[in-house]
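Notes to accompany the following structure.
Order of appearance sets the numbers: ligands from 1, and atoms from 1 within every ligand. Positions are given from 1 along the sequence.
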Amino acid sequence: MSAKMRKSTKRSVHQSVARRAVVAALLIGATVAAIFGFKAAGQQQSNQQATPPPRPAITMVSPEDAAREMNNPRSKWFREAKYGLFIHWGLYAIPAGTWKGQQIPGIGEWIMNRAKIPVKEYEQLAAQFNPVKFNAEEWAQLAQDAGMKYLTITSKHHDGFALFKSQVSKYNIADATPFKRDPLKELQVACAKRGIKLCFYYSQAQDWYEPNGAGNTWDFGPDDKKDFDQYLRDKALPQTREILTQYGPLGMIWFDTPRLMTDQRAEQFTKMVRELQPNCLINGRLGGKGDYRSTGDNRIPDQVVPGVWEVPATINHTWGYKSYDHDWKPPSEIVFKLVDIVSKGGNYLLNVGPMADGVIPQPSVDVLRKVGQWLKVNGEAIYGAGTTPFGQEFGKLSETQKNQQGQPVFEQAKEWRATTKPGKLYIHLFTWQKEFTLDGVKGKVTKATLLADPKKALKFSQTGGKLVVQLPDKAPGELATVLRLEVSGMD
Ligand code: FHN
């Protein structure tokens, strides 16, 4: 890449990052509010002056609990996988963000809630849902081409509509739509063929279709007047049983927004999962203890976080399809985020929102495939890789900028990141220079190569912990370049 091209790529990445930062801030506020059921900062009443402290990206746990997460044999595949495909698909793909001619603000799959659509109206979407272009093979192939090792799809989102054949509720794709097929069955077959772990998202608490499910106050009144246990007993638990028994071994169940969930209620789900599928993971949003932790949506911690965790993230600004959200993150940003997350110890669960006809929007497909090509060359530095031994590359607390609470803002640096494997150090370079200098190297570097050109040994010199590597004049590709260092005595 020429210096001019690099400059303009860098500029366009920065511009799009800045533009997206504003929307992301709004999205984070809305989704945090969605999970915990309180008003986001922008929705505060005017007489409430105090700004709540920013929520941390992730809940930290004790070193003992982090070690427990890491040593859990059930999560071995997940710790190695690092990168998964999230799919939010359901009836909300039909309105696609617009209801009765009005664009409804917020995330697409929340349209029923945001527009306060009565069940009697919303449920009529089922009669129109006929995704004849849905092709499980294509979706699973996309995940594979993208280098994603697991696929997590909404078996039932908050709108209460099941994307699978259910005996528990007729409000499901096989019984209530002209489509009649069971996409989850088809995905089971397509994923198994490709060795992709199939995982199901299931909204255990919010169910806006059910009088006693959490969340639908416009049809059914306040949540605290509901018989939530009746809803769990008659729908959420038996449907969880169905997804655990109808689709072969699952990688995980991804529960979400644990409103009204108590330890005791969560325990009923945990017990069922453990009994029916002892190897199936439980994510961190059930309401009790899961096998790992989720960060807030689109929240990447600033530093290494010990333990097992995952960042659920959007590729534009919605999970469910919205016809007018075209602000796709470019491949350079997705690669950066993937590397950043892996270098800090997490997994990246990146979402696409298929349209109502069953097609995944082409721009998102293009981005995923581009990142997949990068992973074909550089996957060695991602899959099963450990955290950075450094930390200085993440950035630092600002000396001038403060947040609303008066705390210094973290200024993220984006030049490079590091991941590790036994005897190997991988330096992911996001900007190019002819010489790369690294301080604080432990052990002795014996060889330096680029994953993109592994046969060519690079010249380097090491003095104590300071390493200087001579790089080629030009970066070998458009996206990050990975420098592979073989190191003795670093572990
Ligand atoms: O309310 C949901 C939202 O619709 C989406 O499913 C995300 C994905 O992490 N989870 C909740 C908000 O955090």
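- Backbone and side-chain nitrogen or oxygen atoms of His158 are examined, and one is located within less than 3.5 angstrom of a nitrogen or oxygen of ligand 1.
- Of the listed residues (Trp254, Phe164, Tyr247), just one forms a ring-ring contact (aromatic ring centres under 6.0 Å, His included) with Phe200, and that residue is Tyr247.
- Lys156 has a carboxylate O that lies under 4.0 Å from a charged side-chain N of Asp207, or vice versa, which qualifies the two as a salt bridge.
- Sequence neighbours left out, the pairs with a member in residues 275-284 that pass salt bridge (Lys or Arg N to Asp or Glu O under 4.0 Å) are Lys271-Glu275.
- Heavy-atom contacts of His157 reach the following atoms of ligand 1: 3 (C), 4 (O), 5 (C), 6 (O) (cutoff under 4.0 Å).
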Please set out all donor-acceptor pairs under 3.5 angstrom arising from side-chain atoms of residues 277-284, sequence neighbours excluded.
| residue | atom | partner | partner atom | Å |
| --- | --- | --- | --- | --- |
| Gln277 | OE1 | Leu250 | N | 2.8 |
| Gln277 | NE2 | Leu244 | O | 2.8 |
| Gln277 | NE2 | Gly248 | O | 2.9 |
| Asn283 | OD1 | Phe255 | N | 2.8 |
| Asn283 | ND2 | Phe255 | O | 2.8 |

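- Here the side chain of Trp218 pairs a donor or acceptor atom with the backbone of Ile117 at under 3.5 angstrom.
- Residue Thr257 has no N or O atom closer than 3.5 Å to an N or O atom of ligand 1.
- Heavy atoms of Tyr92 found under 4.0 angstrom from ligand 1: none, in either backbone or side chain.
- Ligand 1 is approached by His88 to a heavy-atom distance shorter than 4.0 Å.
- With ligand atoms numbered from 1 in the order given, ligand 1 contributes 1 (O), 2 (C), 3 (C), 4 (O) to contacts under 4.0 Å with heavy atoms of Trp110.
- Comparing Thr154, Thr314, Asn283, Asp297 by heavy-atom distance to atom 12 (C) of ligand 1, the nearest is Asp297.
- Side chain of Asp223 to backbone of Lys225: no donor-acceptor contact under 3.5 angstrom is found.
- Atom numbering of ligand 1 starts at 1 in the shown order; those under 4.0 Å from a heavy atom of Tyr201 are 6 (O).
- Remark: ligand 1 and Asp256 share an N or O pair separated by less than 3.5 Å (distance only, no angle test).
- Residue Glu109 has at least one heavy-atom neighbour below 4.0 Å for each of these atoms of ligand 1: 3 (C), 4 (O), 5 (C).
- Put simply, the residue from Lys344, Gln412, Glu411, Lys414 that forms a side-chain contact (heavy atoms from CB on, under 4.5 Å) with Phe394 is Lys344.
- The 12-atom threshold is not exceeded at NZ of Lys289, counting heavy atoms of other residues, nucleotides or ligands nearer than 6.0 Å.
- With a heavy-atom cut-off of 4.0 Å, Arg285 touches ligand 1 through its side chain alone.
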